Structures are given as C-alpha cells and as structure tokens.
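Computed from heavy atoms alone, side chains included, the values below leave out hydrogens, waters and symmetry copies. From a predicted model like this one, the values you see are computed outputs, not experimental measurements. In listed order, ligands and their atoms are each counted from 1.
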Amino acid sequence: MNRDDVVARDAADPLTPLRELFALPEGTIYLDGNSLGALPRATAGRVAEVVTEEWGRGLIESWNTADWIGLPQRVGDKVARLVGAGPGEVVVADSTSLNVYKVLASALSIAASDAPERRIVVSERSNFPTDLYIASSLCRDRGYELVLVDSPEEIEGLLDRAAVLMLTEVNYRTGYLHDMAAVTARAHEHGVLAVWDLCHSAGAVPVDLGGADADFAVGCGYKFLNGGPGSPAFLWVNPRHVDRFEQPLSGWMGHAAPFEMSPGYRPAEGVSRYLSGTPGIIGISALECGVDTLLAAEAYGGLEAIREKSLALTRLFADLVASRLPGFTIESPLDDAQRGSQLSLSVDEGAYAIVQALIERGVIGDFRAGSIASGSASAGSPDILRFGVTPLYTRYVDVWDAVDHLVSVMDNDEWRDERFWTRGAVT
Ligand SMILES: *Cc1c(COP(=O)(O)O)cnc(C)c1O
C-alpha cells in the first residue's frame, strides 16, 4: 500500500462531499474532533444572524417570534435522531457536568424509592474525571458509596448491590466502546438503573438509547456534534421515568409555566423539567449548525456510513503504526466492536513532547496524562497520544500523512527539542 492507494480510497469515499461543510484551515490535519469538533461553514453566518437580526432587531420579542424559548427542545429533537431517541425525549441544556448531576440525582431518587437497600453507585476508575467528581459529591450528599472498577468484567459482581451503573459508552482515553444494549440488559436483570454518558459516542457511533432501553443519558455538544467551544450539552430520560421525579436543579425553565411567576415549583411534563435556567441562545444556535452537519450525512448513509468509515480510518492508522512505529503501543482495542472513533497510543517517554512536535508540523492530536498507580489494586495507566477521527472531514490521506509526520518526529529525534516540553494550561 502506498499514498496513492490511500488517495484513491478518498476519491471513492461516499462521505467525501461532507468535508465541504467545514471551514478547515489549509494545511492542517485535524485529529482532535473528539475534543473540539471543527467549525461548520454555516456557523459563523448563523450566529451573526442570531446576534444582529434576532437579538439586534427582534430584541426581547425574539423569545416568541424566533421561538428562542423552544430552542432547547427543537435542537434536542435533532440530537435525538443521532442517539436513537424519540421526539420530545431530549433537551439541550447546561454542561455535561451539570447534566450528569441532574440525571444521576433522578436515578438515585428512583432507586431510593424502588430498591432502598441498594446503596452503591458503580462506575469505572477510567471514566472521565468530571463524571466521577460529580458522582462522588452526589453520593456523599445522599449517603451512597461510589464504587469504581478497573475493568468492565468487575461490574458484574457488583450488580446485586448496586442502585445505579453509570458508564461512559466510549472511554475518553482508550476509545474502548461498551456494548450499551448488553450492559444495560445485564444491569436491568439485576434491578440496576443504567446511566450512560455519550460524550465520545454521540455523532461518532450509532447509538440506540431506545433500543437498548437505557434509563438516562447525557452527552456533549462540542465534540463530535461540532457545536463549538463550551457548547451546551444534552440529556435524555427514558419516557418511563421522566415524569416520576423532579430533578434537583429545579429552576424556572423547568417549571410547567415559567411565566406564571408563581412562588411554588411545579415541574413541566416530560424532559423539559430537566431545564434549569435561561437557555444560551447563541450557543444552542451554533450547536444546531453542528448537529446539522451530521444530519446532512443521512443522505450519504448516515451514522452507519460514518461508523464504517471511522473504523476503516482507525484500522488504517493502527496498521500503519504497527508496521512503521515499533516503539509505540496501541492502547485502543483492535477489535472493531470495541473501538470508538479514536486511536490512542503510548510510548516509553516523551508523549507530551511528541504531540507538541506533531502540532508544529500541523498534525493536531492531543495528550492525556496517565495516572500513577495508587496504593490500591488498581494499575497505573500510561500517558496517551490521542488521535480522533471524524469521518465527516477526516480523509484517509490525513491518516497516512499524520503517520508520516510521526515517523519523522521520531526518526529525527525532533521531539527531544526543549521547546516541546513546556506544558500549556490546557493539554
Ligand atoms: C468531554 C466530557 C465531559 C465534559 O464535561 P463538561 O461539563 O462539558 O466540561 C464530561 N464527560 C465526558 C465523558 C466527556 O468526555
């Protein structure tokens, strides 16, 4: 295989026209769409229109005339199409961290009512830290214990005592992909509620919340949904639970009639009760443009085609690393069924500097620090070089060229240069 073969694969790729939907900087190979999705071409114009027309001219009237008030549900309905949820089941609101709080609190309320003797919440030590921080404070406040496992196999043994199983479908470090339907079914067999974080799966892999009969889900707007930095997040509640309990951040936007301005809280019906404060209209408008890029893919095979290309891209990446970069270890599962839309690598030393040297060459991936083995039975995890692929705009030739650059960075010992060793505030 040579570079021409890879270029030919791009020419034959049915998703190729979708790259035009993005404003990508010339000469950059962007492999970090799993951390911050690229800018859709439509976004700048749409945001300008919201600001100058809807806000500038329409002023406060736009809450009604532009239906700003319905935007969290309207864009939620679009997100629903990407995650196997029905209309009226998803809202866009707040950040993932806050949404984790809201849905986990509701899950604990259900568990406290249906199975009060169950006092533990189970998650993975390798889960994204904010999920664990939020879960840990909520568990502390409610008298639950947060139990963290080191491998998916350990979950099974805890299910008879667990109230809630809270997992991220695709692991942010390794890209490990859970089988949501199977894990949810096992949880339900043992009377455990399943809360799923879709931050690294929404827009990247086909998700079927309804088919899996999951209980709650949250997800991020700025990763594969291309909503922009700090984009609002989304949440989903299974319709069988949605009207059972209030969520704890019971702000006026989740009230049944916010403009009654009554002193007592009465939750809205359905998932709208999971709103809290006034929605960020500019941010949600930008998110809508990002979600639209994924819905545009429906004409080219949709998420099934995205998934197929994503796996082909990460497989190509893994094959090239295996044959050309013997010093690197592939930390992502090689089994397609267990791999999300990224390839993670580790190396004996210099992971951070290697990523910096690649960035100087125009290849943007990122670095995630490993954890030091703690006193407990848990093993430490290595520093990771992380490369996300976004089939809407990542080409096969991008993967080929990125590996070429990585080979050069290593062969020339380029990464040892001092300028690559200073860490920024954000890695
Ligand atoms: C990116 C990510 C988050 C981010 O949460 P914010 O509240 O947006 O900062 C949370 N959880 C997971 C699993 C993520 O991947």
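Of the inter-residue distances, the one linking I29 atom CD1 with R395 atom CZ reads 7.5 Å to the nearest 0.5 angstrom.
Residues satisfying the side chain to side chain contact (heavy atoms under 4.5 Å, CB included) test with D179, not counting sequence neighbours, are A181, A182. Under the rule for a side chain to side chain contact (heavy atoms under 4.5 Å, CB included), the partners of A107 that lie at least two apart in sequence or sit in another chain are V164, L193, V195, F216. Legend: residues meeting side chain to side chain contact (heavy atoms under 4.5 Å, CB included) with E288, ordered by chain and number and at least two apart, are L71, V75, K78, D292.
For the pair R19 and Y393, the NZ or CZ position fails the cation-pi test of under 6.0 Å to the six-membered ring centre and within 45 degrees of the ring normal.
Of all heavy-atom pairs between F224 and S341, the closest is CZ-CB, 3.8 Å.
Near ligand 1, heavy-atom contacts under 4.0 Å come from S95, T96, S97, F128, T130, D131, T168, D197, C199, H200, Y222, K223.
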